[in-house]
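Below is one structure, written out as structure tokens, with a few remarks after it.
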Amino acid sequence: MDIVIKLLVMAVIVPTSAAVFVYLFLYKTMAHMQQRLGPMEAGPHGSLQLIAEGLKFLQKEDLFPRRADRLVFGYAPVVVLASTFLMFVVVPASPDLVLADLDTGILYVMAVASLSTIGVIMAAWGSANKYSLLGGLRAAAQLVAYEVPLVLAVLGVVIQAGSLSLSQIVEAQAGSIWFILPQLIGFAVFLVAAQAELTQTPFDMPVAETELVAGYLTEYSGFRFLLFFLAELATAAVLSAVAVTLFLGGWHLPFVELRGTAANVIAPIVFSAKTLFVAFVIFWVRFSVPRLREDQLQALAWKVLIPLTLINLVVTAVLKVAV
Amino acid sequence: MIGAGLVRGLRLTLRTFFKKSVTVQYPHVKEDHAPRTRGVIALKEENCTVCMLCARECPVWCIFIEGYKDQGPPRREGGKPRLAQKLDRFDIDYSLCMYCGICVEVCPFDALFWSPEYEYSEPRIADLLHDKTQLGAWMQTVPERPALEQGAEIKKGRDRSSSAG
């Protein structure tokens, strides 16, 4: 019974967060940053536009390229979405509101996050299309490259909190200060790496439409494309949530003790607000800067971010032991 | 400094984010048109003398005119009726018209005017052929002539106020 409820919660939260993100950021924030209004007709301020868009995707034909590897091509979006679903499970929205409070929470998040790379490569290979393949190769190179600074940035927090469990990392921050202050470099690198993991501008070389049509998404249409899109936006949500958990104190509110039932009511609201703020920063960058060249993109990861996080890691470790 | 461009870009988009949007919600709100907007050409039939200048000058041949001779009112009381040219047909095919305005420009008797109306799209392309009744109806939307500039002289023998719609 318990597991059914948890599955249902997941089945609601993932599409909902993706929908909220599409509406708030892709429709409205982006539009206003370009002095437009975005969709306004369907519902108040275009809030029902997503229903129209969803129905449009569902009506479309489920296309398979003639020479595609049907099995791999068909299941690629499912693998990508599964990775997103698995990441949601361990993020604590309040002291008790967490689906699975793993002891190795953050390790688990990093592990399942890299699953999506496999889905992307499956899509690239299965499409039997040169643009898809090149996009997939770029995506693989990029996701692997940025996984490293992402993990290293997280490690600083782990050392400071002394735990891999996301709940305990939040507790550690509630006990002292939010880790954004001592781990400012880690936070910045985490945001940059998250941007790259989401393959958003300025790191959207895998789907650079001027060069690769749409990269590994080229051959997808209808429901399968919708799954990819859902996964991308839900991953943006969950990565923002993880950033909040690691660096911004999770559901913790400074100067206010949250206890008992009140904590479980207010904490998710605080947590969502913080998540939306971090997501706003991520999307703000996405809407502001042009994409990098492939070599610049790789150089940033290997020559700047990784040394930076390594130094950060060493300093954190030394200070942790010394102080 | 490295990253200065990034900060500048972010500042610009954030400032734009809080600015008022320039979008006009078209069917609900309409933009004010410029004073000499070229929306549609209106015909003031009683001024037309079927001289065909407009039809001949039209670069895309979208004006169709047929006329006949008729008796007009005499010049003086009790005088001999004058000859007058009347219109049988005056059609403008807006599926061909390129809105150059040469016809309006060339008309020696102020029978053609620009109107700012632009909402006359049709599902059937043939319906874009506006006949003289329709072109006459557009006269109601023709704006007043803008006032003459300071120091400009009114031409002798012409009453400017009555020639406009």
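Every chain is numbered from 1, with letters handed out A, B, ... down the list of sequences. A quick note: this is a predicted structure, and the numbers were derived from the prediction, not measured.
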Check your understanding: Where the side chain of Lys86(B) meets the backbone of Cys48(B), is there a donor-acceptor pair that is under 3.5 Å apart?
Key -> no

Check your understanding: Where the side chain of Gln200(A) meets the backbone of Gln195(A), is there a donor-acceptor pair that is under 3.5 Å apart?
Key -> no

Exercise for review: Might you point out which heavy atoms bring Leu10(B) and Thr13(B) nearest each other, and give the distance in Å?
Suggested key: O-OG1, 3.0 Å

Practice item. Tell me whether the guanidinium CZ or amine NZ of Lys274(A) lies under 6.0 angstrom from the six-membered ring centre of Trp178(A) and within 45° of its axis. Key: yes

Point to revise | Residue part contacting chain A, namely of Leu14(B), when any heavy atom lies under 4.5 Å | key: both

**Study point:** Ala231(A) versus Thr84(A), closest heavy-atom pair with distance
**Key:** O-OG1, 3.6 Å

Study note, to complete from the structure: Scored by heavy-atom pairs under 4.5 Å with chain A, the best of Leu12(B), Leu6(B), Val22(B) is Val22(B)

Review point. Considering heavy atoms only, which positions within residues 287-306 of chain A lie below 4.5 Å of chain B?
Key: Phe287(A), Ser288(A), Val289(A)

Check your understanding: Under 3.5 Å, side chain of Gln85(B) to main-chain N/O of Cys51(B), donor-acceptor pair present?
Key -> no

Check your understanding: Any chance the side chains of Ser21(B) and Gln35(A) put a donor and an acceptor closer than 3.5 Å?
Key -> no

